[in-house]
Amino acid sequence: MIKRRKSKQITIGNVKIGADAPISVQSMCNTDTRDIKKTLNQINELTQAGCELIRLAVLDKEASAAIKELVKFSKVPLIADIHFDYRLAIDCINNGVHALRLNPGNIGNLENIKKVVNLANQQQIPIRIGINAGSLEKEFQNLDITLPEKMVKSALKHIQILENLDFDLIKVSLKSSDVLTTIEAYKLISEKIDYPLHLGVTEAGTLKSGLVKSSVGLGSLLSQGIGDTIRVSLTENPIEEVFAGFEILKSLGLRQKGVNFISCPTCGRCQIDLINLAKKVEEKFKDLDKPITIATMGCPVNGPGEAKHADFGVAGAIKEGYIFQKGEVIAKVPEEEIIQKLDEIIKKSFV
């Protein structure tokens, strides 16, 4: 059992973050926020995939105006991503956005910062301070300390600005495209503040390489109890980010949303098309919102035994399959009937 770091709790829309709240999975639309129809379609797709928080880029006043319509129809909380222009932050709050991603030190003089922070305080709108290793302020770039230490100093500076204005609805992220830098920065900040932390390896890459980097970085931190929300940043359809996020959490026993799929690697004992069978099993039950484990194993020699912890499973044989439940074989069917029979058995168990 992972003992999570103690953190303050904030609320974004109807999602609680920090303390004992479940670690939430976040993504970001890659549509033009000004295109309300396309953006809302993607919000709905992400919501259906299980995404719990969605960030939107707000580039100009047309985008901040679109927030009003998007909030109206979104079923999950929306976070406005703001850079430099304090007026866009004010517009987004007035248009009903649920949170801001904004570094207060980057939006001008103190009076402008006060306008945003005071309004956010009145409306109870949290602010995420997002530090990126690639865009640190000049005052930190030349310090004779490590990059993670520079990132932490930057974060603490922005936090201090908010705290001086009696604002504490804060979430913090310190992202780098380098996995070890990311891990070290989060470990350092976790010892200095008790605000909730949003985890991510930024610019992680395309699907395969990005999944590996994010799994190593986020998994390392989560296993140490660090992290309250996560985003798996991929150069891919953001739905893949949501899927990956939940899989990382499930692998550590931190979330149990949906089915946990396991399958063995192929080997010389395998007498069935295991790769396609495993894909078919996952596709068939991917939308089953039950906290169960389904196993797809290559042979009946070790299959039911090695996967006896699984709630349900199938072990391949020569042109047939053995279907088992909690390690006990309960049916033997031809290869072409495996999926159908497995479906029948699983459905029957939930009646």
Side-chain angles (χ1 to χ4, degrees), residues 7-18 21-36 39-40 42-47 49-60 63-104 106-107 116-117 119-121 123-132 155 158-159 162 167-175 195-200 202 227-234 238-239 241-242 245:
S7 62
K8 289 183 179 181
Q9 189 168 91
I10 62 173
T11 303
I12 297 180
N14 60 355
V15 177
K16 293 186 182 303
I17 295 166
I23 297 169
S24 53
V25 175
Q26 180 174 319
S27 186
M28 184 173 184
C29 284
N30 59 14
T31 56
D32 185 335
T33 305
R34 296 167 294 193
D35 190 328
I36 294 173
T39 302
L40 189 58
Q42 191 167 74
I43 288 171
N44 291 336
E45 289 172 356
L46 288 168
T47 302
C51 192
E52 294 159 314
L53 298 162
I54 298 175
R55 185 156 54 109
L56 303 171
V58 178
L59 304 175
D60 55 25
S64 63
I67 292 291
K68 191 169 188 176
E69 285 299 302
L70 296 170
V71 166
K72 190 185 302 182
F73 294 103
S74 175
K75 294 179 181 178
V76 299
L78 301 181
I79 301 167
D81 191 280
I82 310 289
H83 291 276
F84 308 117
D85 193 337
Y86 78 97
R87 295 166 298 184
L88 297 179
I90 290 173
D91 287 347
C92 287
I93 295 173
N94 288 331
N95 287 334
V97 83
H98 302 99
L100 300 174
R101 188 277 195 184
L102 175 150
N103 291 348
N106 295 347
I107 59 171
V116 174
V117 175
L119 185 59
N121 238 339
Q123 302 294 327
Q124 292 291 283
I125 301 298
I127 294 175
R128 169 160 74 91
I129 292 169
I131 304 303
N132 191 310
H158 292 290
I159 290 169
L162 295 181
F167 187 88
D168 66 353
L169 302 177
I170 299 170
K171 184 168 65 166
V172 181
S173 66
L174 302 95
K175 298 183 181 182
Y195 294 116
L197 297 176
H198 169 68
L199 302 187
T202 194
D228 301 285
T229 69
I230 66 171
R231 180 192 175 191
V232 179
S233 298
L234 299 172
I239 288 175
E241 299 184 350
V242 179

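Excluded from the calculations below are hydrogen atoms, water molecules and symmetry mates; all remaining heavy atoms, backbone and side chain alike, are included. Numbers here are sequence positions counted from 1.
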side-chain contact (heavy atoms from CB on, under 4.5 Å) evaluation trace for L56 with I79:
CA-CA 6 Å; L56 303 171; I79 301 167; over 6 Å; no

What's the verdict on side-chain contact (heavy atoms from CB on, under 4.5 Å) for T229 and R128, showing C-alpha distance, side-chain angles and the deciding distance?
CA-CA 11 Å; T229 69; R128 169 160 74 91; over 6 Å; no

Test side-chain contact (heavy atoms from CB on, under 4.5 Å) on L70 and T33 and set out the steps.
CA-CA 9 Å; L70 296 170; T33 305; 3.9 Å; yes

Output, in order, the C-alpha distance, side-chain angles, deciding distance and verdict of side-chain contact (heavy atoms from CB on, under 4.5 Å) for R34 and D60.
CA-CA 9 Å; R34 296 167 294 193; D60 55 25; 2.7 Å; yes

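Scanning all heavy atoms of the two residues, the minimum distance from V172 to A155 falls at CG1-CB, 4.3 Å. Closest of all the heavy-atom pairs between A57 and M28 is N-CE, 3.7 Å. A pairwise comparison of heavy atoms in C29 and L46 identifies SG-CD1, 4.2 Å as the closest pair. Residues I12 and K171 approach most closely at CD1-NZ, 4.0 Å, considering heavy atoms. Of all non-hydrogen atoms in A99 and I125, the two that sit nearest each other are CA-CG2, 3.6 Å. Between S7 and D228, the shortest heavy-atom distance links the atoms OG-OD1, 3.3 Å.
Under the 4.5 Å side-chain criterion, counting only non-hydrogen atoms from C-beta, N30 is in contact with P238. The shortest side-chain heavy-atom distance between V25 and E52 falls under the 4.5 Å cut-off. When side chains are defined from C-beta on, Y86 does not count as touching L102, because their heavy atoms never get closer than 4.5 Å. Counting heavy atoms from C-beta outward, I129 and L162 have side chains that approach closer than 4.5 Å.
Here CD of E69 is found 4.0 Å from NZ of K72. Values are rounded to the nearest 0.5 Å. Atom SG in C92 sits 4.0 Å away from atom CD1 in I82 (nearest 0.5 Å). Atom NZ of K75 and atom CD1 of I54 lie 11.5 Å apart (nearest 0.5 Å). The CG atom of L174 lies 10.0 Å from the CG atom of L199; values are rounded to the nearest 0.5 Å. Note that CD of Q123 and CG of L100 are 11.0 Å apart. Values are rounded to the nearest 0.5 Å. From I67, atom CD1 reaches atom CG of N94 across 12.5 Å, with rounding to the nearest 0.5 Å.
Judged purely by atom type and a 3.5 angstrom limit, Q26 has no side-chain atom pairing as donor or acceptor with the backbone of R231. Checking side-chain atoms of T39 against main-chain N and O of D32 turns up a donor-acceptor pair under 3.5 Å. Looking only at distances, no side-chain donor or acceptor of N106 sits under 3.5 Å from a matching main-chain atom of F84. A distance-only check finds a donor-acceptor pair linking the side chain of N103 to the backbone of G130 [under 3.5 Å].
By the neighbour-count criterion of 12 heavy atoms within 6.0 Å, atom NZ of K68 is sparsely surrounded, having that number or fewer from other residues, nucleotides or ligands.
For R101, the salt bridge (charged side-chain N to carboxylate O under 4.0 Å, His left out) criterion is met by D81, not counting sequence neighbours. With sequence neighbours excluded, no residue satisfies salt bridge (charged side-chain N to carboxylate O under 4.0 Å, His left out) with D35.
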